[in-house]
Amino acid sequence: QVQLAESGGGLVQPGGSLRLSCAASGSSFTNYGVGWFRQAPGKEREFVVGMAWPTGLTKTADSVKGRFTISRDNAKNTVILHMNTLKPEDTAVYYCAARSGMGVALATQAYNYWGQGTQVTVSS
């Protein structure tokens, strides 16, 4: 079992940056693939960026490519979402998720564990 907890959300102006953290407890993060998703009001939860285990291969949604990246610190059992050049359309609740399978999965159903989410609001 893995428990996930996101932090780092908040209000930021367009063009600004935020860094979201996802801390794992209950089990090592090392052997799990990880992903970040987001859900805006009235919309379905969508894939943002993910990192595969054990290769470290990453995939990024076209909507955030060149602006968002993912990194992980296995020593700290943490995954980071780096968000730059934020736009109002990036406003959403952001979730981290973990899966025990290999490769990067884009579908929410592929992930076994989820955090509670953190709100990101991009507005002037």
Side-chain angles (χ1 to χ4, degrees):
Q1 285 280 1
V2 177
Q3 291 81 46
L4 304 175
E6 303 94 337
S7 62
L11 174 65
V12 62
Q13 292 187 343
S17 299
L18 273 179
R19 192 180 83 156
L20 304 184
S21 296
C22 177
S25 61
S27 180
S28 172
F29 229 169
T30 306
N31 297 330
Y32 290 86
V34 294
W36 284 95
F37 290 75
R38 66 186 182 185
Q39 188 166 18
K43 295 188 176 181
E44 293 188 353
R45 193 169 298 187
E46 65 175 1
F47 173 83
V48 177
V49 62
M51 179 178 285
W53 173 84
T55 63
L57 176 73
T58 63
K59 286 187 179 179
T60 306
D62 288 343
S63 59
V64 303
K65 196 166 292 184
R67 301 188 297 122
F68 291 14
T69 58
I70 186 172
S71 64
R72 68 191 302 167
D73 185 336
N74 289 331
K76 295 182 178 180
N77 237 14
T78 300
V79 173
I80 304 295
L81 176 63
H82 306 266
M83 305 188 294
N84 297 309
T85 319
L86 282 159
K87 304 175 181 180
E89 52 262 43
D90 295 319
T91 296
V93 177
Y94 284 72
Y95 299 88
C96 71
R99 63 189 299 267
S100 53
M102 297 175 68
V104 179
L106 278 62
T108 58
Q109 298 91 322
Y111 290 81
N112 310 99
Y113 306 102
W114 291 86
Q116 82 288 350
T118 186
Q119 176 70 46
V120 171
T121 302
V122 185
S123 175
S124 55

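Every heavy atom of this structure was used, including side-chain atoms; hydrogens, water molecules and symmetry mates were not.
Nearest heavy atoms, Ala110 versus Ala105: CB-CB, 3.4 Å. Contact record, Thr55 with Ala52: OG1-CB, 3.6 Å, taken as the closest heavy-atom pair. Taking each heavy atom of Ser100 and Asn112 in turn, the nearest pair found is N-OD1, 3.0 Å. Listed here is the closest heavy atom pair of Ser21 and Ile80: OG-CD1, 3.2 Å. In plain terms, the two heavy atoms of Val120 and Gly9 that are nearest each other are CG2-CA, 4.2 Å. Among all heavy-atom pairs drawn from Ser123 and Pro14, the shortest one is C-CD, 3.6 Å.
Counting only heavy atoms from C-beta outward, the side chains of Val49 and Leu81 approach each other to under 4.5 Å. Annotation: side chain of Gln119 is in contact with side chain of Thr91 (closest heavy-atom distance under 4.5 Å).
Atom OG1 of Thr118 sits about 7.0 Å away from atom CD of Gln116, to the nearest 0.5 Å. Expressed to the nearest 0.5 Å, how far CE of Met83 lies from CG of Leu18 amounts to 4.5 Å.
Cluster partners of Phe37, by chain and number: Phe47, Val93, Tyr95, Val104, Leu106, Tyr111, Trp114. The rule joins Ile, Leu, Val, Met, Phe, Trp and Tyr whenever side-chain heavy atoms lie under 4.5 Å apart.
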*Begin with the C-alpha distance, continue with both residues' side-chain angles, and end with the deciding distance and a verdict on side-chain contact (heavy atoms from CB on, under 4.5 Å) for Asp90 and Arg67.*
CA-CA 11 Å; Asp90 295 319; Arg67 301 188 297 122; 2.7 Å; yes

_Is there a side-chain contact (heavy atoms from CB on, under 4.5 Å) between Arg38 and Val64? Walk through the geometry before answering._
CA-CA 12 Å; Arg38 66 186 182 185; Val64 303; 3.8 Å; yes

*For Glu46 and Glu44, what are the C-alpha separation, side-chain angles and deciding distance, and is it a side-chain contact (heavy atoms from CB on, under 4.5 Å)?*
CA-CA 6 Å; Glu46 65 175 1; Glu44 293 188 353; over 6 Å; no

*Hey, mind stepping through Arg72 and Val34 against side-chain contact (heavy atoms from CB on, under 4.5 Å) and telling me if it holds?*
CA-CA 9 Å; Arg72 68 191 302 167; Val34 294; 4.1 Å; yes

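Not a single ring-ring contact (aromatic ring centres under 6.0 Å, His included) links Phe68 to another residue, sequence neighbours left out. Partners of Ser17 by side chain to side chain donor-acceptor pair (under 3.5 Å), not counting sequence neighbours, listed by chain and number: Asn84. Checked against side chain to side chain donor-acceptor pair (under 3.5 Å), Arg99 has no partners two or more places apart in sequence or in another chain. For Arg19, there are no side chain to side chain donor-acceptor pair (under 3.5 Å) partners, not counting sequence neighbours. In this view, Lys87 satisfies the side chain to side chain donor-acceptor pair (under 3.5 Å) rule with no residue, not counting sequence neighbours.
With hydrogens and angles disregarded, no donor-acceptor distance shorter than 3.5 Å links the side chain of Glu6 to the backbone of Cys22. Thr78 contributes no side-chain N or O that, together with a main-chain N or O of Ala23, makes up a donor-acceptor pair within less than 3.5 Å.
Trp53 and Leu4 are members of different hydrophobic clusters when ILVMFWY side chains are connected at heavy-atom separations under 4.5 Å.
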